[in-house]
Peer 1: 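Mind looking over this structure? Questions follow.
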Amino acid sequence: MEKTFLMIKPDGVQRNLIGNIVEKFEAKGFKLVGAKLMQISDSLAEKHYGEHKERPFFGELVEFITSGPVFAMVWEGEDVIKTGRTMMGETDPKEALPGTIRGDFGLTIGKNVIHGSDSPESAEREINLFFNQDELVTYTKQD
Ligand code: CMP
């Protein structure tokens with residue numbers, strides 16, 4: 001079954017949005033198979049956002065994501081990568097539709113509440129960056 005990596009960013013944690021966001025993914029029918037509240041190191045942030053290394057906002061991105069704890073999660077379910085991104089809304093909260101996470105809770109492109117993998121390849125890479133295999137669980141969930 002498909003898995004994705006989702007991370008509630010420091011702004012989302014500080015604004016008490018963890019429960020609300022987890023509830024949306026549970027209600028949708030996805031299965032939570034890994035989760036932890038963690039402080040990201042500079043080196044993990046630089047690896048995670050490696051593809052943006054040449055962007056002018058790279059320094060800002062690393063500074064923000066390491067500015068406080070994040071809530072890292074692995075969710076499982078049919079088409080969870082694509083559907084999860086639809087639930088998150090556009091990267092820029094100004095473009096994100098009401099009803100989406102960024103549309104409802106985000107204000108700026110930097111502090112946009114949540115990150116989600118954008119492809120099966122990035123999901124695999126990001127899950128392995130943030131989680132050891134023994135931190136992920138297998139169980140049967142009631143529909
Ligand atoms: P995320 O999905 O975590 O992946 C890369 C992040 O870069 C993105 O969310 C935004 O928060 C951030 N980002 C993209 N464009 C800009 C920008 N122009 N200025 C600051 N941050 C940006």
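Small disclaimer: the values here were computed from a predicted structure and weren't measured. Every number for a ligand or one of its atoms is a count from 1 in the order of the listing.
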Peer 1: Any side-chain heavy atom of Phe25 within less than 4.5 Å of one from Met73?
Peer 2: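 Heavy-atom side-chain distance check fails, nothing below 4.5 Å.
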Peer 1: Taking only distance into account, with no hydrogens and no angle test, what donor-acceptor pairs under 3.5 Å do side-chain atoms of residues 3-15 form with protein atoms, sequence neighbours excluded?
Peer 2:
from: Lys3; atom 1: NZ; to: Glu76; atom 2: OE1; distance (Å): 3.3
from: Lys9; atom 1: NZ; to: Asn112; atom 2: OD1; distance (Å): 2.6
from: Asp11; atom 1: OD2; to: Val113; atom 2: N; distance (Å): 3.0
from: Arg15; atom 1: NH1; to: Phe105; atom 2: O; distance (Å): 2.8
from: Arg15; atom 1: NH2; to: Phe105; atom 2: O; distance (Å): 3.0

Peer 1: Are Leu17 and Leu97 co-members of a hydrophobic cluster defined by side-chain heavy atoms under 4.5 Å apart?
Peer 2: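 The answer is no; the residues belong to distinct hydrophobic clusters.
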Peer 1: How close do Trp75 and Val22 get, counting heavy atoms only, and between which atoms?
Peer 2: CH2-O, 3.8 Å
Peer 1: Can you tell me which residues line ligand 1 if we count any heavy atom under 4.0 angstrom from one of its atoms, in chain and number order?
Peer 2: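 Its neighbours under 4.0 Å (heavy atoms only) are Lys9, Tyr49, His52, Phe57, Glu60, Leu61, Thr91, Arg102, Ile109, Gly110, Asn112, His115, given by chain and number.
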Peer 1: Applying side-chain contact (heavy atoms from CB on, under 4.5 Å), name anything that partners Ser122, two or more places apart in sequence or on another chain.
Peer 2: Ser117, Asp118, Ser119, Glu126
Peer 1: In residues 39-52, what donor-acceptor pairs under 3.5 Å come from side-chain atoms, sequence neighbours left out?
Peer 2:
from: Gln39; atom 1: NE2; to: Thr66; atom 2: O; distance (Å): 2.8
from: Ser41; atom 1: OG; to: Leu44; atom 2: N; distance (Å): 3.1

